[in-house]
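Letters go in sequence order (proteins before strands), and every chain restarts at 1.
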Amino acid sequence: MLDIKFVRENPDAVDASMASRNGSWDRDRFFELEAERRSVIAEVEGLQAQRNSASKQIGRLMREGKRDEAEAAKAAVAADKERIAELDARRGEVEEALTDLMSHIPNIPDESVPYGKDDSENVEVRRWGTPREFDFEAKAHWDLGPELGIIDFERGVKIAGSRFYLLGGMGARLERALINFFIDMHIKAGFKEWWPPVITNAATLYGTGQLPKFEDDLYHVEPNLYLIPTAEVMLTNIHRDEIVDGSKLPLKYTAFTPCFREESGGAGRDTRGIIRVHEFDKVEMVKFARPEDSMNQLEAMTHEAELCLQALGLPYHVVTLCSGDLGFSAAKTYDLEVWLPSYNNYKEISSCSNCWDFQARRANIRYKDPSEFKGTRYLHTLNGSGLAVGRAMAAIIENYQNEDGTVTVPEALVPYMGGVTVIEPEEGVSA
RNA sequence: GGGGAGAUGGCAGAGCGGUUGAAUGCAGCGGUCUUGAAAACCGCCGGGCGUGCAAGCGUCCCGGGGGUUCGAAUCCCCCUCUCCCCGCCA
């Protein structure tokens, strides 16, 4: 959520932000509600002040035994009672409407974010590695996986539904290896490991910005319970409604969780393979940073995700999302896109964002640092994938495939694979 | 699922319906003392909103919501959560 005072004083900035994001907001209604809110507050608080002092007076008269005067004072105050109740109710309505309006406004892009209408205008920042030239016909992971007997699409659909898949044998082991490998990388970089629930409530989802606007993207378990779309939700909300000790910042958290997405809007996109599915595994990084340090922390977090790809020897490039492609809560985002031979292109495998105080304001996460300022301030939250496990697996299968249909295990993963260096076709899973 | 207890400031923990936004302790901040530190002593020390250049003033907040009252942390109702016992159970 944006700062309401900022919006009042800089409506043009919100207009510009909305235009650059292909969005819109009701500026007139905002000012209408905002003005009414303040006038209602002024009036009701004035009446409350009168009532409060009258009440004190009544208390005093009662103590002094001046019954008649006390009764007269009571009658005088009673007149305002109804008006106060009326204004109070109106205040509730206006504030609710205003909050609702505000909670649908996305974050404002950082000034360094390039202007653009959609992902075609994202800007490449750097490349690492060179896509491999195959001297044989390279296969897509959706063919090679089943042939190796490590990915089973048909039975995944049978036991769960479309856009679900099943890993078997070395496929399952590779998933587990990747999870452990990524988490170990982050632990070495100073991240604290967490293991959160994958079911969450509405307040938590509101805090990170999934609700109220993106309810349709979420799986519902019960009216107030949802499956998490990413561990970011849980890690960021760990400190919801808390005041963090400023000397502890930045806090660096990591967690592995499965992620659940309805993908109702994704029909027809990435229909093959394990690229876009309803349930996927991801290791996530989240940081809580001081405002003046958050941009540096974004660079560092992006670098941390890059190290994972480098360690796996997977070619990738980094792009800055343009304004039109930016997510709801993000002020700036770097996407890491890994080379996928089947796409003959780079495909998103990590997204690292600085949300500034947008989520912190929603989730009420502040910090305190008596040596620098009195009171509390909203901190900045950041999140980044490190990495999407399923897409990493797809990239490994495709980039490390051999002409004989086997897949070489990236060296860094061998210890995590129990010494296995090559994945060979196996029986009894799907083949 | 059944029964019982509870929810107060960063933490711990008081609080006859009327200067209680809230005692006290710890933590924190500032200071005295000290070569420095500790100890001791003194002072300060919640948040949101409105208003104001500011100092300040006002208002709301004692899990959440509603009610009674001139006035509620204190009384009533509903909800949520936590803890303990029993049942069930990986």
Show me the donor-acceptor pairs, under 3.5 Å and distance only, between side chains in residues 169-182 of chain A and residues at least two apart or in other chains.
from: A/Asn180; atom 1: ND2; to: A/Arg176; atom 2: O; distance (Å): 3.3

Item checked: ring-ring contact (aromatic ring centres under 6.0 Å, His included) against A/Phe30, all qualifying residues, sequence neighbours excluded -> A/Trp25

Restricting to side-chain hydrogen bond (donor to acceptor under 3.5 Å, both in side chains), what partner residues turn up for [X], sequence neighbours left out?
X        : value
A/Ser353 : A/Thr333
A/Asp293 : A/Gln297
A/Asp325 : A/Asn122
A/Ser162 : none

Check: Residues two or more places apart in sequence or in another chain: which of them pass side chain to side chain contact (heavy atoms under 4.5 Å, CB included) with A/Asp12?
Finding: A/Asp15, A/Arg27

Distances for protein N or O near nucleotides 49-57 of chain B N or O, under 3.5 Å:
from: B/C49; atom 1: O3'; to: A/Arg37; atom 2: NH2; distance (Å): 2.7
from: B/C49; atom 1: O2'; to: A/Arg37; atom 2: NH2; distance (Å): 3.3
from: B/G50; atom 1: OP1; to: A/Arg37; atom 2: NH1; distance (Å): 3.2
from: B/U51; atom 1: OP1; to: A/Arg38; atom 2: NH1; distance (Å): 3.0

Check: Does anything in residues 233-252 of chain A reach RNA chain B, meaning a heavy atom under 4.0 Å, and if so which residues?
Finding: none

Under 3.5 Å, side-chain donor or acceptor atoms of residues 184-198 of chain A against the rest of the protein: list the pairs with distances, not counting sequence neighbours.
from: A/Asp184; atom 1: OD2; to: A/Tyr416; atom 2: OH; distance (Å): 2.6
from: A/His186; atom 1: ND1; to: A/Glu304; atom 2: OE2; distance (Å): 3.0
from: A/His186; atom 1: NE2; to: A/Gly386; atom 2: O; distance (Å): 2.6

Set out, line by line, the N/O atom pairs under 3.5 Å between protein and nucleotides 68-72 of chain B.
from: B/C70; atom 1: O2'; to: A/Ser55; atom 2: OG; distance (Å): 3.1
from: B/G71; atom 1: O4'; to: A/Ser55; atom 2: OG; distance (Å): 3.1

Next item on the list: State the dot-bracket string of RNA chain B. Criteria: Watson-Crick or G-U wobble, both atom distances under 3.5 angstrom; notation: ( ) intrastrand, [ ] crossing earlier pairs, | interstrand, . unpaired.
Entry: ((((((((.[[[..)..(.....]]].(((((.......))))).((((((....)))))).[[[[[..)....]]]]])))))))....

